[in-house]
Amino acid sequence: MTEGFRSFVIFAEMRTGSNLLEATLNAVRGVTCFGEAFNPYMMGWPDKDEMLGITREAREADPLPLLAKLTGRPGHLPGFRYFHDHDPRVLEPIIADRHCAKIILTRNPLDSYVSTRLAWETNQWKLNETETPIPARITYDGAEFRQMLSAMDEFRSHVVSRLQTTGQVAFHLDYDDLRDAGVMTGLLHWLGRTDLDRVEPARDQVPQNPQELARKVANFDAMQADLHDMDPFLLHRLPLFEPRRGPAVPSFVAADSGQGLLFMPVRGGPERTIRDWLGGLAAIQGDFTQSTLRQWKRARPGHRSFTVLRHPLLRAWTAFDILLTRGNPEQREVLRRLHRVPLPPDDALADLAGDARIAVFADFLAFLRRNLNGQTSLPTQPAWASQTEVLAGFARFALPDMVVREDRLAKDLGHLARAAGIDETRLDGVAAAPVPEALRDPRLAEAAQAAYLRDYITFGFDLMP
């Protein structure tokens, strides 16, 4: 190998062919790909809790020793796969390491989405030539697809921007390149293995679902109609030169009452209350793309947009309830095992009440503080992200005309409706969510303030809701 690269990283996403690429690289002597080494839910591969003598608990406390072990192997070329939802603490050190080769693997995002949904449906994630594919069809969910696409685009844009600003060049691969021996040989030569005359793609994996999309998607016509509203060439995009984060446009809700009202929800706030109020004024419209929302705004001069802030302590309580009732079971297990949040087993969650629920909530607030400070591998979820950052994300696309406080809902919404030319506001029953008496504990208030200090300072929240 030449002096240049000492390790590599594959920037990819689920169902882009990264398993096949890993198998091809692992078939080359002196090259090892260690799977998804920084996936918060596993250690490289499913059912693994240790890698190179480092446990998941140790990696959770500090991922850099594992990164050093993976990349510091003289005479060998090691690497791993890294997706957008892997441990964010290692991303910058990876990019800063100029001796780490960057491989960017992409695939048609719709193919990736359909393949991922099929894998979840069948629990069949790999297929060799002796196995039989499990037949299945999926139902396309436009909102889900756009959310996936937004997360992938945001991550890829960030990686490319950082490589550009640090003067590095990545090797770009498409899914269709992975079975091309010429391209695979070129990749290994670029990595420094010029001693290899030819590199054959791995043969132990075969395509799982080679049929056309119409045979894999039950609501194919509806999918076509939904995708028609997307703008792949960004014809309506306004030029932006600042680093961007996703503005969550698909979550926005509009009502064609008066000159038009647009609600930009902060997850974990009084979304249902606002949606019900808007629905009482006019038919509501949602599931926007940036293109369709710009068209909606341009067609309604005088429209008004708004968002609603909730007190951080009450919002954290809402996020905690979502975690218990609708959260990801794997996420709960990570919180139990690695983050000292003493959640009862899933089959006993419904019985968590009273003082016991408050005690677990206090530990959840401590986790939130670490999570929001970038000290955990779990990504920050929209339901508990700081409201300061959520609004900063909105600003990448559009600023709300009004930032409403939940404790002033009726008064502020009435003013907003009149500004949009709505005479009949129908505000009966619009009120802030009640604050459980148990939350009026100074210790909980202090813990919430520690977790959400930026929100308290930015928006002037009182210590108690």
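When side chains are defined from C-beta on, L173 counts as touching V183, because their heavy atoms get closer than 4.5 Å. The shortest distance between side-chain heavy atoms of M230 and S291 does not fall below 4.5 Å. A 4.5 Å side-chain heavy-atom check between Q290 and P247 finds at least one atom pair inside the cut-off. For the pair R275 and V253, the minimum side-chain heavy-atom distance is below 4.5 Å. S377 places none of its side-chain heavy atoms less than 4.5 Å from the side chain of F38. Residues F80 and I94 are in side-chain contact: their nearest non-hydrogen atoms beyond the backbone lie under 4.5 Å apart. Residues L323 and L335 meet the side-chain proximity criterion, which asks for heavy atoms closer than 4.5 Å. Put simply, the side chain of F288 does not reach to within 4.5 Å of the side chain of P250, judged on heavy atoms.
Under 3.5 Å, the side chains of Y113 and E144 contain a donor-acceptor pair of N or O atoms. Side-chain contact annotation: E13 with H84, donor-acceptor N/O pair under 3.5 Å present. No side-chain N or O of H339 forms a donor-acceptor pair with one of T376 less than 3.5 Å apart. No side-chain N or O of N219 forms a donor-acceptor pair with one of T139 less than 3.5 Å apart. Defined by atom type and a distance below 3.5 Å, a donor-acceptor pair is present between the side-chain atoms of S115 and R15.
Expressed to the nearest 0.5 Å, how far CG of L188 lies from OG1 of T194 amounts to 10.5 Å. Taking CE of M264 as the start and OG of S251 as the end, the distance is 8.5 Å to the nearest 0.5 Å. Here the straight-line distance linking atom CZ of R203 with atom CZ of R179 works out to 8.0 Å at 0.5 Å rounding. The CG atom of D180 sits 11.0 Å away from atom CG of D174, with the distance rounded to the nearest 0.5 Å. Taken from CG in L439 to CD1 in I358, the straight-line distance is 5.0 Å, to the nearest 0.5 Å. Atom OG1 in T325 sits 9.5 Å away from atom CG in L349 (nearest 0.5 Å).
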**Asked** For M42 and D49, what are the C-alpha separation, side-chain angles and deciding distance, and is it a side-chain contact (heavy atoms from CB on, under 4.5 Å)?
**Response** CA-CA 7 Å; M42 61 186 184; D49 288 309; over 6 Å; no

**Request:** Starting from the C-alpha separation in whole Å, work towards a yes-or-no answer on side-chain contact (heavy atoms from CB on, under 4.5 Å) for T289 and V249.
**Result:** CA-CA 6 Å; T289 65; V249 168; 5.8 Å; no

**Request:** Output, in order, the C-alpha distance, side-chain angles, deciding distance and verdict of side chain to side chain donor-acceptor pair (under 3.5 Å) for T165 and R162.
**Result:** CA-CA 5 Å; T165 57; R162 291 295 296 124; 2.8 Å; yes

**Criterion side chain to side chain donor-acceptor pair (under 3.5 Å) on T106 and H172, from CA distance to verdict** = CA-CA 8 Å; T106 55; H172 290 261; over 6 Å; no

**Request:** Go through H311 and F459 one step at a time and tell me if the ring-ring contact (aromatic ring centres under 6.0 Å, His included) criterion holds.
**Result:** CA-CA 10 Å; H311 191 281; F459 302 115; over 10 Å; no

**Asked** Please walk me through it: do Q387 and T458 pass side-chain contact (heavy atoms from CB on, under 4.5 Å)?
**Response** CA-CA 9 Å; Q387 293 175 94; T458 301; over 6 Å; no

**Request:** Go through the steps for Y175 and L20 under the test side-chain contact (heavy atoms from CB on, under 4.5 Å), then give the verdict.
**Result:** CA-CA 10 Å; Y175 176 81; L20 175 58; over 6 Å; no

**Message:** Apply side chain to side chain donor-acceptor pair (under 3.5 Å) to residues Q331 and N328 and explain how you reach the verdict.
**Reply:** CA-CA 5 Å; Q331 188 180 81; N328 183 335; over 6 Å; no

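Between the side chain of D87 and the backbone N or O of N39 there is no donor-acceptor pair closer than 3.5 Å. Under a 3.5 Å cut-off, the side chain of D455 and the backbone N or O of S386 do not form any donor-acceptor pair. The backbone N or O of T185 lies less than 3.5 Å from no partner atom in the side chain of R193, so there is not a single donor-acceptor pair.
Between H99 and F8, the distance from one ring center to the other does not fall under 6.0 angstrom. Annotation: F364 is not in aromatic contact with W317 [ring centroid separation under 6.0 Å not met]. For F263 and F252, the ring centers are positioned 6.0 Å apart or more.
Heavy atoms from other residues, nucleotides or ligands lying under 6.0 Å from CD of E60 number more than 12. Summarising the local packing, CZ of R370 is surrounded by more than 12 heavy atoms from other residues, nucleotides or ligands at distances under 6.0 Å.
Using a 4.0 Å cut-off between charged nitrogen and carboxylate oxygen, D226 and R146 count as a salt-bridge pair. A salt bridge links E22 and R81; the closest N-O separation between the charged side-chain nitrogens and carboxylate oxygens is under 4.0 Å. Under 4.0 Å is where a charged nitrogen must lie from a carboxylate oxygen, and between R440 and E437 at least one such pair does. Salt bridge present: E57 and R337 bring a charged side-chain N and a carboxylate O closer than 4.0 Å. Under the 4.0 Å criterion applied to side-chain N and carboxylate O atoms, D363 and R336 are not assigned as salt-bridge partners. A salt bridge links E200 to R198: one of the charged nitrogens lies within less than 4.0 Å of a carboxylate oxygen. Note on E121 versus R137: no salt bridge recorded, every NZ/NE/NH1/NH2 to OD/OE distance being 4.0 Å or above. Using a cut-off of 4.0 Å between Lys/Arg side-chain N and Asp/Glu carboxylate O, D97 and R6 are scored as not salt-bridged. For the pair D321 and R357, the salt-bridge criterion is met [side-chain N within less than 4.0 Å of a carboxylate O].
Annotation for A385 and V390: closest pair CB-CG2, 4.1 Å, computed over non-hydrogen atoms. M51 approaches A37 most closely through the heavy-atom pair SD-CB, 4.0 Å. When all heavy atoms of A170 and I104 are compared, the closest pair comes out as CB-CD1, 3.7 Å. Closest of all the heavy-atom pairs between T16 and L178 is O-CD1, 4.0 Å.
Taking the ring axis of F461 as reference, the NZ or CZ atom of R405 stays within 45° of it and closer than 6.0 Å to the ring centre.
Exactly one residue among V403, L399, T307 makes a side-chain contact (heavy atoms from CB on, under 4.5 Å) with F394. That residue is T307. For the side-chain contact (heavy atoms from CB on, under 4.5 Å) criterion with V341, the lone passing option out of L365, V360, L368 is V360. Of the residues listed (L66, L67, L70), the one engaging I54 in a side-chain contact (heavy atoms from CB on, under 4.5 Å) is L66, and it is the only one. Exactly one residue among I134, V217, I138 makes a side-chain contact (heavy atoms from CB on, under 4.5 Å) with L118. That residue is I138.
The aromatic rings of F320 and F361 sit tilted relative to each other, their planes meeting at an angle between 30° and 60°. A parallel orientation is assigned to the rings of H86 and F83, their planes being inclined by less than 30° (bins at 30° and 60°). Ring geometry for W190 versus F5: interplanar angle of 30 to 60°, hence tilted.
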